[in-house]
Amino acid sequence: MWDLIVVTPIRESITFLSRAIASVGIPYSFGFGIIIFTLIIKLLTLPLNIQQMRAAKALQELQPKLQELQKKYAKDKEKLAQEQMKLYQEAKVNPLAGCLPSLVQLPIWIGLYQALYRMAQEGILAEGFFFIPSLAKPVGLSWLWPPSAWHWPDMPAYLVLPILTLVTQLLVQKMSSPPSSDPQQEAMNQMMYFFPFMLFFFALQVPSGLSLYWVVMNLFTMVQQYIFMQGWKKPTPPRRKAHGERTQKS
């Protein structure tokens, strides 16, 4: 059932896109096929990402009220937690909403890994992508440890995408986790910073095609968040002229 509803559609989608790209003479068709597939997934999960950004914005706007509650119930932690939860409910804000897009993408990520792994075994994904020798490699950590297994210049080339995965995921995490005066929310934000490092460890062991998907997904996410945050900025009201201020230079 998993193969039928997840793995096979992903495999067929990437194959179709890569063939369409190759048919017009564009090189690195499978790499660009993964990028277009990523964009499609990003568009499909757009409502979830909008919900995430709205929740982050709402949490930011609640900070003054949260600080008031912390001062009022500084000596009663249980009452403070109850009042904070009540405030979240009244404002219709879910502090966990920021985790949702990542959790939704996880089955896609697993299905994509299985699809790319099978394509690699079949020899379909053997082509490279710019400086990356093959989108089907590496698999496991044997290419990285022990050092005697290093192959130059392939080894540095295969490190680029895992490093970019870590950096871009950290940036996404920072953009989607605004500072909070709520100790529980701040602790949750700190815990979420473990996710990029866990993802980096996985990226070292999976085919480069999968790391390419995650890097491109993160880049699209950063652009999307920047656009939405710019759109939510309140316009600066025009400065009122002081009484008696000259309107024209003499």
Side-chain angles (χ1 to χ4, degrees), residues 2-45 102 104-145 149-172 195-223:
W2 171 259
D3 283 356
L4 183 63
I5 63 175
V6 179
V7 179
T8 300
I10 290 175
R11 183 183 184 280
E12 294 302 319
S13 297
I14 294 175
T15 302
F16 171 79
L17 290 170
S18 64
R19 287 175 178 170
I21 293 168
S23 67
V24 295
I26 299 176
Y28 309 122
S29 59
F30 271 97
F32 285 115
I34 291 172
I35 291 174
I36 295 175
F37 175 80
T38 307
L39 178 58
I40 293 171
I41 295 298
K42 193 63 185 172
L43 291 174
L44 291 176
T45 57
S102 296
V104 170
Q105 288 182 52
L106 191 58
I108 299 172
W109 197 75
I110 295 171
L112 184 61
Y113 167 75
Q114 294 177 343
L116 292 177
Y117 184 77
R118 292 179 188 179
M119 293 166 74
Q121 285 184 320
E122 296 168 5
I124 299 174
L125 208 62
E127 72 174 25
F129 187 68
F130 293 101
F131 59 88
I132 301 169
S134 172
L135 290 173
K137 298 178 181 179
V139 177
L141 288 172
S142 58
W143 65 281
L144 194 58
W145 192 263
W150 293 359
H151 295 283
W152 302 87
D154 289 359
M155 191 273 292
Y158 284 128
L159 275 174
V160 172
L161 284 177
I163 292 172
L164 286 176
T165 299
L166 172 62
V167 172
T168 56
Q169 188 63 41
L170 282 170
L171 290 172
V172 167
F195 181 68
F197 292 95
M198 181 179 69
L199 203 59
F200 170 70
F201 180 71
F202 286 143
L204 291 172
Q205 306 176 63
V206 298
S208 294
L210 190 56
S211 300
L212 176 63
Y213 162 82
W214 206 269
V215 170
V216 174
M217 178 67 76
N218 285 340
L219 292 174
F220 282 143
T221 300
M222 286 190 288
V223 171

T168: side chain to side chain donor-acceptor pair (under 3.5 Å) partners, not counting sequence neighbours: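 By the side chain to side chain donor-acceptor pair (under 3.5 Å) rule, T168 matches N218.
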
Listed partners of R19 passing side chain to side chain donor-acceptor pair (under 3.5 Å), at least two apart: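 With sequence neighbours excluded, R19 shows a side chain to side chain donor-acceptor pair (under 3.5 Å) to no residue whatsoever.
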
When rounded to the nearest 0.5 angstrom, what distance separates [atom1] in [X] from [atom2] in [Y]?
X: T15; Y: M119; atom1: OG1; atom2: CE; answer: 4.0 Å
X: L161; Y: I132; atom1: CG; atom2: CD1; answer: 3.5 Å
X: I10; Y: I110; atom1: CD1; atom2: CD1; answer: 10.0 Å
X: I41; Y: F220; atom1: CD1; atom2: CZ; answer: 12.0 Å
X: I21; Y: I36; atom1: CD1; atom2: CD1; answer: 3.5 Å
X: Y213; Y: T38; atom1: OH; atom2: OG1; answer: 6.0 Å

Full working for side chain to side chain contact (heavy atoms under 4.5 Å, CB included) between L170 and F197: CA-CA 9 Å; L170 282 170; F197 292 95; 4.1 Å; yes

Heavy-atom side-chain proximity of L204 to Y158 below 4.5 angstrom: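 With C-beta onward as the side chain, the pair stays apart.
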
Heavy-atom side-chain contact between K42 and V223 under 4.5 Å: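 They are not in contact (no side-chain heavy atoms under 4.5 Å apart), so the answer is no.
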
Geometric class of the F130/Y28 ring pair [parallel <30°, tilted 30-60°, perpendicular >60°]: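 Judged by the thresholds at 30° and 60°, the geometry between Y28 and F130 is tilted.
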
Residue pair V6, Q114: steps toward the side chain to side chain contact (heavy atoms under 4.5 Å, CB included) verdict: CA-CA 10 Å; V6 179; Q114 294 177 343; over 6 Å; no

Donor-acceptor contact below 3.5 Å, side chain T8 vs main chain D3: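 Yes; judged by distance alone, with no hydrogens or angles, the pair exists.
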
With F37 via ring pair (Phe, Tyr, Trp, His ring centres under 6.0 Å) - residues at least two apart: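 Checked F37 against ring pair (Phe, Tyr, Trp, His ring centres under 6.0 Å); zero matches.
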
Contact summary for L135 and P207, nearest pair of heavy atoms: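 Shortest heavy-atom separation between L135 and P207 comes out as O-CB, 3.4 Å.
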
Non-hydrogen atoms of P162 and A203 that approach each other most closely: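 Closest approach of P162 to A203, heavy atoms only: CG-O, 3.6 Å.
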
Trace of the side chain to side chain contact (heavy atoms under 4.5 Å, CB included) decision for L39 with I35: CA-CA 6 Å; L39 178 58; I35 291 174; 5.9 Å; no

Over 12 non-hydrogen atoms of neighbours within 6.0 angstrom of CZ in F131: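 Check passes, neighbour count above 12.
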
